[in-house]
Amino acid sequence: MPIVAKNLQRAVELYLACAYPDGVPASVQGKAGPVMALEAEALAPVELFERSEGGGEGSYVLRLGQPMYPFMKLVIDPVPEQGTVSPTSYLLRADAHDRHLHAPAGSPDAAWLASVRVSNRDLVEKIEAAWAKAGLPTFKEYLRAKLAARRAKKEGGGDKVARGQGGRGTGERIAARKAELGERLVILGHHYQCDEVVGFVDVLGDSFQLAREAAKLTRAEYVVFCGVYFMAESADVLTGDHQKVILPDLDAGCSMADMAKIDDVQRAWGVINEACADIDGFKLVPITYINSSAAIKAFVGEHGGTVCTSSNCEKILAWAMDQKPKAQGLQSLGLSRKVLFFPDQHLGRNTAYKMSWPLESMVVWDYTQPRGGLSDEEIRKATFILWKGCCSVHQVFRAEHVDQARAKWPGVRVIVHPECCFEVVQKADLSGSTDLIGKTIAASPAGSKWAVGTEINMVRRLAKLHPDKQIELLGECECLCPTMARVDPARLLWVLDNLAERQVVNQVVVGEDVKRWARVSLQRMLDITK
Ligand code: 13P
Ligand code: SF4
């Protein structure tokens, strides 16, 4: 027996908003339409669903897919203790349905499959986070609650839990542990962390500020990084051997960073260099956004390039182009100097365009395609070769959200992060790093109206910090970064409890061979942007 229509409609609506930010294709609309047409209080009829594999009493499936992969599905499962779905008792799950696919290693299919898996995994996280936030029951939350209850029981019924706010007393216990660890501990936190974590960080900042801060820390024995994996890796590269960097949840990755794999980058490097070998004075400069693995940073360091962040990308690109005056552009460089920019095509395009480089000087390297999907001619003509990566959070903002904000809210100013797509950045009044967004809004006069296109935790915090201004999220996007959200007070307390016992858990360690060159590229960035 399926569920009450209005709950299903909300679940479908959120799924589609996450999966199809650029518009729902007609084929998918055909499946969602009958659901949306139901009376809110009616029960969704079973004919609307596929039954899950195995048939029998069990799960109900709506195969809504995603742009790269049509087999992904919305699943309604029974609560395990009950065995059957009832109108008011059920659990939602997004199922990528890609577990059984295999492709021979090194084949084009393998590259395609890998990128589909990354995209599916991110989307599943995003959809389930959106459901949980909307108060819909998800299988993941059910499992988390079960695990937390089991752990609490094992630990003697105390208020320790594996995740979430951590129950009563967590804040006091974190504060007590911080006091106990004193100067041996520094907690760094990114703007996208939730308020409950931000309340305990010693330094809150954007990716650049946090990297610079890590490089300055010499005394702290432990650096707890409330952010994502690539940030903790950078901190490990920039801190001394006597210091340990800890990430409260080792699964806090970054979908964008996962889009540039070292093998793919090495392959691209070879192809581009080969295609341009006979261009007089040819030089390819690799620039990686800090949102990338340490292995990628090492590659860049070893090949004469550097790292950039959203706050210094312009300076870094100017450095890469050898500080040539913008206006001379292509002519002065005679196409001999090219930048291979990864993983975020949007940051690369938005920044190069801002520096007066025309869109025609840029091509996109599709790492899922042989030779990046480009002809030798296209490669030779380009000045910027942009990796086809993106942020799953910022790609939900669309140009029409800017139009809608302006129509609904006369006088509003729109400010967005440069990980948003070109059209959004072009329509916005301003774009910049999380630090720039925060500072711009802080400096605006009372009564200012802002629609902000970045991660929801930061937008909510800005609204709280500036009650004299009107600050809203751009569009009505569910733009929570699911990996940043993995770090929560309970996990923070857990690592601090262990440190107090002199046990280091969740340490992030970059191997010495990678560290050597990754340090070169990060230090180069710090030197250029001093
Ligand atoms: P900044 O911290 O550079 O603004 O970037 C935002 C981001 O996506 C971090 O992953
Ligand atoms: Fe990665 Fe985007 Fe999250 Fe930043 S916001 S950590 S780029 S997924």
Side-chain angles (χ1 to χ4, degrees), residues 18 21 118-119 121-126 129 188-194 197-198 201 203-214 225-235 247 249 251-260 287-293 296 307-316 342-348 350-351 387 389-397 415-421 424-425 430-441 452-459 461-462 473 477-487 522 525-526 529:
C18 295
V118 169
S119 154
R121 194 195 62 197
D122 290 342
L123 192 55
V124 164
E125 290 225 16
K126 206 160 157 195
L188 302 179
H190 189 268
H191 289 302
Y192 292 166
Q193 292 291 302
C194 65
V197 167
V198 164
V201 307
V203 183
L204 177 69
D206 68 4
S207 315
F208 177 65
Q209 291 165 321
L210 295 174
R212 201 175 45 188
E213 203 58 39
F225 212 119
C226 296
V228 289
Y229 202 86
F230 72 80
M231 296 179 178
E233 272 191 336
S234 299
L247 183 65
D249 188 325
D251 284 335
C254 164
S255 53
M256 178 199 285
D258 291 344
M259 290 177 191
I287 302 291
T288 185
Y289 190 19
I290 196 163
N291 300 30
S292 55
S293 68
I296 295 282
V307 178
C308 74
T309 72
S310 60
S311 64
N312 63 21
C313 190
E314 210 172 321
K315 264 195 189 153
I316 297 291
F342 36 81
D344 187 17
Q345 57 168 310
H346 301 300
L347 178 66
N350 288 325
T351 311
W387 201 259
C390 65
C391 164
S392 52
V393 178
H394 288 91
Q395 72 169 1
V396 301
F397 297 108
I415 187 163
V416 300
H417 196 279
E419 287 174 14
C420 293
C421 70
V424 170
V425 170
L430 286 161
S431 70
S433 71
T434 49
D435 178 57
L436 181 128
I437 293 174
K439 286 188 175 141
T440 306
I441 292 180
V452 188
T454 196
E455 209 269 350
I456 182 79
N457 277 311
M458 176 164 172
V459 180
R461 184 169 320 112
L462 285 170
L473 183 69
C477 315
E478 291 292 332
C479 54
L480 174 88
C481 174
T483 46
M484 286 270 182
R486 296 189 76 92
V487 175
L522 280 163
M525 168 187 84
L526 295 175
T529 47

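Counting starts at 1 for both ligands and their atoms, following the listed order. In this text, all values refer to a predicted model and were calculated from it rather than measured experimentally.
- Of the possible donor and acceptor atoms, none in the side chain of Q395 sits under 3.5 Å from a partner among the backbone N and O of C421.
- Using cut-offs of 30° and 60° for the angle between ring planes, the F342 and W387 rings count as perpendicular.
- Interatomic distance, CD1 of I290 versus SG of C308, reported as 8.5 Å (0.5 Å rounding).
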Pairs of nitrogen or oxygen atoms, one from ligand 1 and one from the protein, closer than 3.5 Å: please tabulate them with distances.
unit_1	atom_1	unit_2	atom_2	d
ligand 1	2 (O)	H190	NE2	2.6
ligand 1	2 (O)	S207	N	2.9
ligand 1	2 (O)	S207	OG	2.8
ligand 1	2 (O)	T434	OG1	3.3
ligand 1	3 (O)	S207	OG	3.2
ligand 1	3 (O)	S310	OG	2.6
ligand 1	4 (O)	S310	OG	3.1
ligand 1	4 (O)	H417	NE2	2.9
ligand 1	4 (O)	T434	N	2.9
ligand 1	4 (O)	T434	OG1	2.9
ligand 1	5 (O)	H417	NE2	3.3
ligand 1	8 (O)	E419	OE1	3.4
ligand 1	8 (O)	E419	OE2	2.9
ligand 1	10 (O)	N291	ND2	3.2

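- Legend: residues meeting salt bridge (Lys or Arg N to Asp or Glu O under 4.0 Å) with R212, ordered by chain and number and at least two apart, are absent.
- Annotation: the span from E233 atom CD to I296 atom CD1 amounts to 10.5 Å, rounded to 0.5 Å.
- Residues that satisfy the side chain to side chain contact (heavy atoms under 4.5 Å, CB included) test with S310, not counting sequence neighbours, are Y289, L347, H417, P418, S433.
- Not close to ligand 2: E455, with no non-hydrogen atom less than 4.0 angstrom away.
- A salt bridge between D122 and K126 is absent, with no side-chain N of the basic residue lying under 4.0 Å from a carboxylate O of the acidic one.
- Counting only protein atoms, the N, O or S atoms lying less than 2.8 Å from atom 1 (Fe) of ligand 2 are C254 SG, ordered by chain and residue number.
- Rounded to the nearest 0.5 angstrom, H394 NE2 and C481 SG are separated by 9.0 Å.
- One N or O on the side chain of N457 and one on the backbone of Y192 form a donor-acceptor pair closer than 3.5 Å.
- When each of T351, T309, T529, V307 is tested with I316 by the rule side-chain contact (heavy atoms from CB on, under 4.5 Å), just one qualifies, namely T529.
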